[in-house]
Chemist: 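Right, I'll just put the structure down here and ask away after.
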Amino acid sequence: MRLVVVSVVLLSLLGLSLAEDPYLFFDWNVTYGTISPLGGPERGILINGQFPGPEINCTSNNNIVVNIFNFLDEPLLFTC
Ligand SMILES: *[C@@H]1O[C@H](CO)[C@@H](O)[C@H](O)[C@H]1NC(C)=O
Ligand SMILES: *[C@@H]1O[C@H](CO)[C@@H](O)[C@H](O)[C@H]1NC(C)=O
């Protein structure tokens, strides 16, 4: 299984960020799993075993650093 580590740094989510703005760090393990959003089981993509992904608890001007560990057998692209 291939392990691709992608670091996504989301700066200035809302407006210009200043040096003293707090940093929030997250580790996301992306895996396949079984989900049932429509009632029947189907293969979905889980983040840390959750579907949908985890909440990011932040406020304006927080700097968010997400370390994404791709446990899928295909490349993964995150955008926001
Ligand atoms: C992600 O996977 C790594 C390696 O398997 C593990 O050490 C780590 O605890 C996992 N992190 C989360 C948030 O599940
Ligand atoms: C988000 O932060 C608020 C305030 O600190 C807290 O009450 C809430 O439980 C947090 N939610 C999550 C999902 O961490």
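Read the numbers this way: they start at 1 and go in the same order the structure lists the ligands and their atoms. Just the heavy atoms: all of them, side chains too, but no hydrogens, waters or symmetry mates, feed the values below.
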Chemist: Heavy atoms only: give me the nearest Gly33-Leu46 pair and the separation to one decimal.
Modeler: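 Where Gly33 meets Leu46 most closely, the heavy atoms are CA-CD1, 3.7 Å.
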
Chemist: With nothing but distance in play, are any N or O atoms of Asp27 less than 3.5 Å from an N or O of ligand 1?
Modeler: no

Chemist: Which atoms of ligand 1 have any heavy atom of Asn48 under 4.0 Å away?
Modeler: 12 (C), 13 (C), 14 (O)

Chemist: Considering only protein heavy atoms, which is closest to atom 2 (O) of ligand 1, and at what distance to one decimal place?
Modeler: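 For atom 2 (O) of ligand 1, the nearest protein heavy atom comes out as Asn29 ND2, 2.4 Å.
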
Chemist: With sequence neighbours left out, write down each residue that passes side chain to side chain donor-acceptor pair (under 3.5 Å) with Asp27, or none if nothing qualifies.
Modeler: Asn67

Chemist: Suppose we measure from atom 5 (O) of ligand 1 to each protein heavy atom; which comes out shortest, and what is that distance?
Modeler: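 Sorting protein heavy atoms by distance from atom 5 (O) of ligand 1 puts Phe71 CZ, 4.2 Å first.
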
Chemist: Flag the pair Phe69 / Val30 as yes when at least one side-chain heavy-atom distance between them is below 4.5 Å, and no otherwise.
Modeler: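 No, their side chains stay 4.5 Å or more apart.
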
Chemist: Classify the ring geometry between Trp28 and Phe26 as parallel (under 30°), tilted (30 to 60°) or perpendicular (over 60°).
Modeler: tilted

Chemist: Scan the protein's non-hydrogen atoms and note whether one is under 4.0 Å from atom 9 (O) of ligand 1.
Modeler: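 No, there is no protein heavy atom closer to it than 4.0 Å.
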
Chemist: Under the side-chain contact (heavy atoms from CB on, under 4.5 Å) test against Phe25, which residue among Val65, Asn63, Val66 passes?
Modeler: Val65

